[in-house]
Amino acid sequence: MEDTVEHFPTLTETVAALRRGEVTSEELTRRTLERITELNEHLGAFIHVAPEAALDRARVADEQLSAVLGASSKSEATEVPTLLGVPTALKDGHDVAGMPTTWGSLTTRDETGTVPPAAASEPLAATLEASGAVILGKTQVPEFLLNCYSENRAFPPARNPFALDCSPGGSSGGQAAAVAAGILPGAVGSDGGGSIRIPAAACGLIGLKPNRGRVPSNDALSNVGQLGVNGPITRTARDAALLMDVLCHTPGHDRIDRPVRAAPEPSFTAVVDAALAGRMPWGERPLRIGVSTASPFDETYDISVSPEARAALDDGVRRLERAGHDVVDARISYDPAYPDAFFRLWSTVMGQLPLTGQEGQLTGLARAFRDRALTRSAVDLADAVAVLRGIEANVISQYALYDMILTPALAMPPRPIGWFHEGFDITDPASAEQDYMRQCQYTPWTSLINVVGLPAITIPTTWATPERGNYPGPVPMGVHLVGAASSEAWLLALAAQLDPPTTPRASLVA
């Protein structure tokens, strides 16, 4: 395959082109399907594609768009949904009516070896459908979304578009790979321990984890861990803001019926547009940003900041200072009880699944997690949750001294396929201890933010060929910014101000 350079339209550009009639949804959808056919053998991003259903939805979208374009006056034109006609996909942990949901696991297959299609769309898919998006397929994930890399026993691994021997991260790895490779103009991921921010960072994109209680389709208030949220993976801050408005303000999908939820934000797009015009939501003053490489895993594992991660952090500091912000060293400390408490909570989901008799079909990591979960008492889990809620309060009080906290996005460059369970077969439960340790070493800063519920964003800062390893060329590294409660708009405005290098070369290395 030739290494070609081309412009991949942003989500904002794609929406505008559809609204102006410069392109039809059917044309865009056909191009997207053609690009999947061309690239997926190398990329492994998509595990299911529904071309005919997608083209049917695209034609319906075109009829709606044509009606608007043909209206003789604004009063005759009806307001169209935000993403009307835009091709997209969902990671393979969300039900879309008519499509299979495998969760990256052989255990979801029936006796014929197939996975039955979902009878109905879950809330996230329903929100995107109501916004007019054309959902054309499902993308690769780790088994039951457990890992920070997108490999499983059911399908070929997802690969990083800028280093095909490496992982795009996880668990939204297929989503990030598809955006970075120019297949999708933007995507929505889910994040329970870093699953938006990790793949966005590994693929040179912007990834936003919203505040707990922000996104109706997954508010992180519906389960005992209160970890998971849905959020955007995009090339630009404005694209991320647009997707946040879709997730939070799509009519009929914009309510969170909870006594506690994030502070209202009428329009994330309006905040970013103002920031791009020089009007920042924090006013004329500089932000006070505390920088730290301390992690809650430091006393349990050997956590090292690679030269590439350090260079990306230093570049992030320089960018922030050039923008006029005050960046200071932050002395942050973490309760050493965090790693054990988080592991007990994180692995519990495997004990909740009805998999009796199917354990032999799991990956080694998932099977080991299930064995641990099934031997854990309710008191053990309650104790872990109590520890984490105490850590939540302590961390928020430390972070409150600053407007934002800055850390590296990842501790190392993108990891080679198979690196996490290196030396073991992926089916071997004996791999679990090494696998989980390496995941914590690769991404030691993300899971804590799910525990405390604050919003956070990853932004690329550098593209360079790592000193060690067999990389074909430059790969992205970036920074991780954690905001105060309900401050997603500030994080997006800062990302817009920094104008990060998300696509210095729009090419696929093969």
Side-chain angles (χ1 to χ4, degrees), residues 11-12 15 79-83 122-124 126-133 186 188-192 196-197 206-223 226-234 236-277 279-285 287 392-393 396-397 399-400 402-405 449-457 481-497:
L11 182 60
T12 298
V15 169
E79 185 173 344
V80 298
T82 303
L83 297 181
E122 67 150 55
L124 174 58
T127 300
L128 292 175
E129 288 166 346
S131 78
V188 174
S190 61
D191 192 316
I196 288 170
R197 292 160 289 157
I206 290 172
L208 175 69
K209 182 202 94 64
N211 200 91
R212 183 181 297 154
R214 170 68 73 191
V215 176
S217 60
N218 195 359
D219 57 18
L221 297 171
S222 302
N223 58 74
Q226 297 191 340
L227 301 176
V229 293
N230 297 328
I233 299 172
T234 61
T236 71
R238 196 185 190 285
D239 286 357
L242 189 153
L243 282 179
M244 282 296 291
D245 283 333
V246 167
L247 291 171
C248 299
H249 302 311
T250 296
H253 303 269
D254 54 355
R255 288 174 56 91
I256 295 181
D257 297 317
R258 302 282 183 179
V260 179
R261 50 186 180 268
E265 183 60 63
S267 172
F268 294 96
T269 303
V271 173
V272 170
D273 284 345
L276 291 169
R279 301 187 303 277
M280 299 301 167
W282 51 83
E284 298 298 324
R285 71 175 179 89
L287 293 174
E392 174 187 315
I396 289 175
S397 68
Y399 285 12
Y402 312 91
D403 291 308
M404 297 179 187
I405 293 293
I449 310 308
N450 297 83
V451 168
V452 303
L454 295 174
I457 195 168
L481 283 152
V482 184
S486 300
S487 67
E488 295 98 326
W490 283 34
L491 290 168
L492 290 168
L494 183 60
Q497 184 183 43

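Side-chain contact between L492 and V271 is absent, with no heavy-atom pair separated by less than 4.5 Å. Two residues are said to be in side-chain contact when any heavy atoms from C-beta on lie closer than 4.5 Å; L227 and V451 meet this criterion.
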Worked verdict on V229 versus R214 for side chain to side chain contact (heavy atoms under 4.5 Å, CB included): CA-CA 8 Å; V229 293; R214 170 68 73 191; over 6 Å; no
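Residue L287 holds its CG atom at 9.0 Å from CE of M280, rounded to the nearest 0.5 Å. A distance of 10.0 Å separates CG in L494 from CG in D403, rounded to the nearest 0.5 Å. Atom OG of residue S267 and atom CE of residue M244 lie 11.0 Å apart, to the nearest 0.5 angstrom. With rounding to the nearest 0.5 Å, the separation of CG in L208 from CD1 in I196 is 7.0 Å. Between atom CG of residue L243 and atom CG of residue L83 there is a gap of 6.0 Å, rounded to the nearest 0.5 Å. Here the straight-line distance linking atom CG of L242 with atom CG of L247 works out to 10.0 Å at 0.5 Å rounding.
Applying the side-chain contact (heavy atoms from CB on, under 4.5 Å) rule to D239 yields the partners T10, L11, T12, T234, T236; only residues at least two apart in sequence or on another chain are considered. With sequence neighbours excluded, the residues satisfying side-chain hydrogen bond (donor to acceptor under 3.5 Å, both in side chains) with T269 are D245. In this view, Q497 and H325 satisfy the side-chain hydrogen bond (donor to acceptor under 3.5 Å, both in side chains) rule, not counting sequence neighbours. Residues that satisfy the side-chain contact (heavy atoms from CB on, under 4.5 Å) test with T250, not counting sequence neighbours, are T127, A130, S131, V246, H253. Residues satisfying the side-chain hydrogen bond (donor to acceptor under 3.5 Å, both in side chains) criterion with R258, sequence neighbours excluded, are D219, S222. In this view, S217 and N230 satisfy the side-chain hydrogen bond (donor to acceptor under 3.5 Å, both in side chains) rule, not counting sequence neighbours.
I256 and R261 make their closest contact through O-NH1, 3.4 Å (heavy atoms, listed as atom of the first residue, atom of the second, distance). Across A496 and A237, no two heavy atoms sit closer than the pair N-CB, 3.6 Å. For the pair P266 and H249, the tightest heavy-atom approach, listed with the atom from each and the gap, is O-NE2, 3.3 Å. Of all heavy-atom pairs between A240 and P232, the closest is O-CG, 3.7 Å. Residue P216 comes nearest to C248 through the heavy atom pair CD-CA, 4.0 Å, listed as atom of the first residue, atom of the second, then distance.
R212 contributes a side-chain N or O that, together with a main-chain N or O of Q226, makes up a donor-acceptor pair within less than 3.5 Å. Side-chain atoms of N211 never come within 3.5 Å of backbone atoms of S487 as a donor-acceptor pair (strictly under, hydrogens ignored).
Applying the side-chain contact (heavy atoms from CB on, under 4.5 Å) test between M404 and each of I457, L454, V482, L481 identifies L481 as the sole match.
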